[in-house]
Amino acid sequence: MSVIWQLFITFFKIGLFTIGGGYAMIPFIQQEVVQKGWVSITDVMDFIAVSESTPGPFAVNISTFCGITAHGFLGAAAATIGVVLPSFLIILFIAKKSSNILCNKYVRYSLDAIRPAIVGLILYVVFEFMKLSLFTSGSPGFSADIKALIIFIFLAGYFIFRTYKKKKVNPITIILLSAFFGIVMYGVLPILNL
Amino acid sequence: MKLSYQEIKSRLICLSISFLKIGAFTFGGGYAMIPLISKEVVDKHQWITDEEMIDIFAVAECTPGVIAVNCETFVGYKVAGFWGSLLSTVCVVLPAFIIICIISLFFESFKNILWVSYAFKGIRVGIIILLAMAVLKIGKYVKYNIFACIILAAAFILSAFSDINTIYILLGAAALGIFYNLILPYVKRGGKI
């Protein structure tokens, strides 16, 4: 099977199971796309940041990115068409039949159970990303990356403060803040011999 | 509703211009697009009523798939039938696709700039917060009961400690959801049919 066809099939499956917004894709991308060696996990993290800071649907951005990294322009086209096609077909079906399939009790029961499962899956990715970003795996075992931990505490503090004040947190603000802290921690502080 | 050929043609042109514009300039993904779509098709062109639009959002949000694409495909179908939905889908995807293709040309060499690489080290920490936000957002739609909590914990544990394909975890959850809801009334009645 050619890579292009595999990309299409993989992202078709991902599109079919993306329920509740683009981030629901991340566990799939981690399992399907990273394990096949198409992109690295740090690439995925960087793509998330770029996808958040560029216009367009998050899911489309990230699929295009994975596709183009895996197999150039044709790979991007295959991944993007793959991720969009389930949406298109399902909605076309619903619109055409003008009957609401969501009223079907079996569909509702399964969606009600799939949502908490997706929360569980993304929660695991959160832990996985914490392990990757906040700790450096060396021998023996893990050692904490103190600078990353400090950045994390700052960002978490900002997030909790904003939420506590009942204000919305803009993802782009988080990205800009974290980029700023990254530059200060890894770039400026070593120059100042701190 | 029967539209003349001319009417459909002019609607298709308007629709594609609107959706290309929304696709090219809306930051923040599908949820951010929804008010803009509504402004174009409900307020400006009056192709769709407010109530219809609310129904479309509800369906777009619950249906599997990319929310923005769901929403625009549905709107496209209502406005101009099959070709409307196809054109809308292409128009919402195309700007993002082109922008990402262009960015990816420079992305690797951009990341290799020393100071940019420092920024990305920080950004990889920020991503944790973004994912946590996504967990909270999707978590809002979960009806929390013992069953949902068990499913949540099971999905977490299975993805952490086993190699089971994520799709099977979700299909398993769906099957359990149906099974649980069918068996629950029976159990509540104390086992009497």
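The structure displayed is predicted, hence computed values, not measured ones. Here is the naming used below: chain letters follow the sequence lines, and residue numbers restart at 1 for every chain.
Looking at B:Cys62 and A:Arg115, their side chains come closer than 4.5 Å, going by heavy atoms from C-beta outward. Side-chain contact between A:Ile19 and B:Leu170: absent, with no pair of heavy atoms (C-beta onward) separated by less than 4.5 Å. Using a 4.5 Å cut-off on side-chain heavy atoms (C-beta onward), B:Val135 and A:Tyr23 make no contact. At least one side-chain heavy atom of B:Val59 sits under 4.5 Å from a side-chain heavy atom of A:Ile91. For the pair B:Val66 and A:Thr18, the minimum side-chain heavy-atom distance is 4.5 Å or more.
Interface residue A:Pro171: backbone and side-chain heavy atoms are both found under 4.5 Å from chain B. Using a 4.5 Å cut-off between heavy atoms, A:Thr54 touches chain B through backbone and side chain atoms alike. For B:Leu136, the part sitting under 4.5 Å from any heavy atom of chain A is the side chain, from C-beta outward, and nothing else. Using a 4.5 Å cut-off between heavy atoms, B:Ile127 contacts chain A through its side chain alone, with no backbone atom that close. For a residue to count as touching a neighbouring chain, one of its non-hydrogen atoms must lie under 4.5 Å from one of that chain's; by this rule B:Ile164 touches chain A with the backbone only. In this structure, no portion of A:Leu85 lies under 4.5 Å from any heavy atom of chain B. When heavy atoms are compared at a cutoff of 4.5 Å, A:Met185 does not approach chain B at all. For chain A, the nearby part of B:Ala24 is the backbone; its heavy atoms alone come within less than 4.5 Å. A:Ile151 touches chain B through backbone and side chain together, each having a heavy atom under 4.5 Å away. Neither the backbone nor the side chain of A:Gln35 comes within less than 4.5 Å of any heavy atom of chain B. In this structure, chain A has heavy atoms under 4.5 Å from both the backbone and the side chain of B:Ser159. At a 4.5 Å heavy-atom cutoff, A:Leu132 makes no contact with chain B through either its backbone or its side chain. If you measure heavy-atom distances from B:Val92 to chain A, the contacts under 4.5 Å come from both the backbone and the side chain. Both the backbone and the side chain of B:Ile178 come within less than 4.5 Å of a heavy atom of chain A.
Between chain B and the residues A:Ile172, A:Leu177, A:Val125, A:Thr42, the largest count of heavy-atom pairs under 4.5 Å involves A:Thr42. In terms of heavy-atom pairs under 4.5 Å with chain A, the best-connected choice from B:Leu176, B:Ile157, B:Ile103, B:Asn165 is B:Asn165. Between chain A and the options B:Met133, B:Lys137, B:Lys143, B:Glu72, heavy-atom pairs under 4.5 Å are most frequent for B:Met133. Listed options B:Phe147, B:Tyr144, B:Phe82, B:Tyr180 were ranked by heavy-atom pairs under 4.5 angstrom with chain A; first place goes to B:Phe82. When each of A:Ile62, A:Val83, A:Ile68, A:Thr69 is scored by its heavy-atom pairs under 4.5 Å with chain B, the top score falls to A:Ile68. When the candidates B:Asp163, B:Thr73, B:Ile128 are compared by the number of heavy-atom contacts under 4.5 Å with chain A, B:Ile128 comes out ahead. Between chain B and the residues A:Leu121, A:Ile48, A:Val184, the most heavy-atom pairs under 4.5 angstrom are made by A:Leu121. Contact count against chain B (heavy-atom pairs under 4.5 Å) is highest for A:Phe73 among A:Phe181, A:Tyr158, A:Phe73. Heavy-atom pairs under 4.5 Å with chain B peak, among A:Ser51, A:Gly20, A:Ala59, A:Gly187, at A:Gly187. Of the residues considered (B:Leu94, B:Ile67, B:Ile167), B:Ile167 shows the highest number of contacts with chain A, using heavy-atom pairs under 4.5 Å. Contacts with chain B were tallied for A:Phe159, A:Phe58, A:Phe154; A:Phe159 has the most, counting heavy-atom pairs under 4.5 Å. Annotation: maximal heavy-atom pairing with chain A below 4.5 Å, among B:Val142, B:Ile56, B:Ile150, B:Leu131, occurs at B:Leu131.
The two residues A:Pro27 and B:Thr166 have their closest heavy-atom pair at O-OG1, 4.2 Å. Of all heavy-atom pairs between A:Gly120 and B:Ala155, the closest is CA-CB, 4.4 Å. Heavy-atom minimum distance, A:Ala95 versus B:Tyr77: CB-CD2, 3.5 Å. Considering all non-hydrogen atoms of both residues, A:Thr64 and B:Cys101 come closest at CG2-SG, 4.1 Å. For the pair A:Phe17 and B:Leu171, the tightest heavy-atom approach, listed with the atom from each and the gap, is CZ-CD2, 3.8 Å. Nearest heavy-atom pair across A:Asn61 and B:Ala96 is OD1-CB, 3.1 Å.
The neighbour count for B:Phe27 CZ, taken as heavy atoms of other residues, nucleotides or ligands under 6.0 Å away, is above 12. A 6.0 Å sphere centred on NZ of B:Lys9 holds no more than 12 heavy atoms belonging to other residues, nucleotides or ligands. Residue-environment remark: CD1 (B:Ile146) stays at or below the threshold of 12 foreign heavy atoms within 6.0 Å. The number of heavy atoms from other shown groups lying within 6.0 Å of CH2 (B:Trp83) does not exceed 12.
No continuous path of hydrophobic side-chain contacts links A:Leu74 to A:Val33 [ILVMFWY only; heavy atoms under 4.5 Å]. Under the 4.5 Å side-chain heavy-atom criterion for ILVMFWY residues, no single connected hydrophobic cluster contains both A:Phe161 and A:Leu155. Follow the hydrophobic side-chain contacts under 4.5 Å out from B:Ile113 and you reach B:Phe120 in the same cluster. Hydrophobic clustering keeps A:Leu176 apart from A:Phe180 (ILVMFWY residues linked when any side-chain heavy atoms are closer than 4.5 Å, directly or through intermediates). Residue B:Tyr118 is grouped with residue A:Leu192 when hydrophobic side chains (ILVMFWY) are merged at heavy-atom distances under 4.5 angstrom, including chains of intermediate members.
Among A:Ile174, A:Val169, A:Val126, the one residue that satisfies the side chain to side chain contact (heavy atoms under 4.5 Å, CB included) test with B:Ile129 is A:Ile174. When B:Thr63, B:Thr89, B:Asn70 are each tested for a side chain to side chain donor-acceptor pair (under 3.5 Å) with A:Ser87, only one passes: B:Asn70.
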side-chain contact (heavy atoms from CB on, under 4.5 Å) evaluation trace for A:Ser178 with B:Val125: CA-CA 7 Å; A:Ser178 57; B:Val125 178; 5.5 Å; no
From CA spacing to verdict: side-chain contact (heavy atoms from CB on, under 4.5 Å), B:Trp115, A:Val188: CA-CA 10 Å; B:Trp115 287 86; A:Val188 178; 4.1 Å; yes
Intermediate values then yes/no, side-chain contact (heavy atoms from CB on, under 4.5 Å), A:Asp43 and B:Lys111: CA-CA 10 Å; A:Asp43 277 342; B:Lys111 273 203 300 186; 3.3 Å; yes
Verdict with reasoning, A:Ile94 to B:Phe74, per side-chain contact (heavy atoms from CB on, under 4.5 Å): CA-CA 8 Å; A:Ile94 292 176; B:Phe74 210 149; 4.2 Å; yes
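Taken from CZ in A:Phe65 to OG in B:Ser104, the straight-line distance is 6.0 Å, to the nearest 0.5 Å. In this structure, the separation between CD1 on A:Ile122 and CG on B:Leu152 is 10.0 Å, given to the nearest 0.5 Å.
For A:Tyr124 and B:Phe161, the distance between ring centers is not under 6.0 angstrom.
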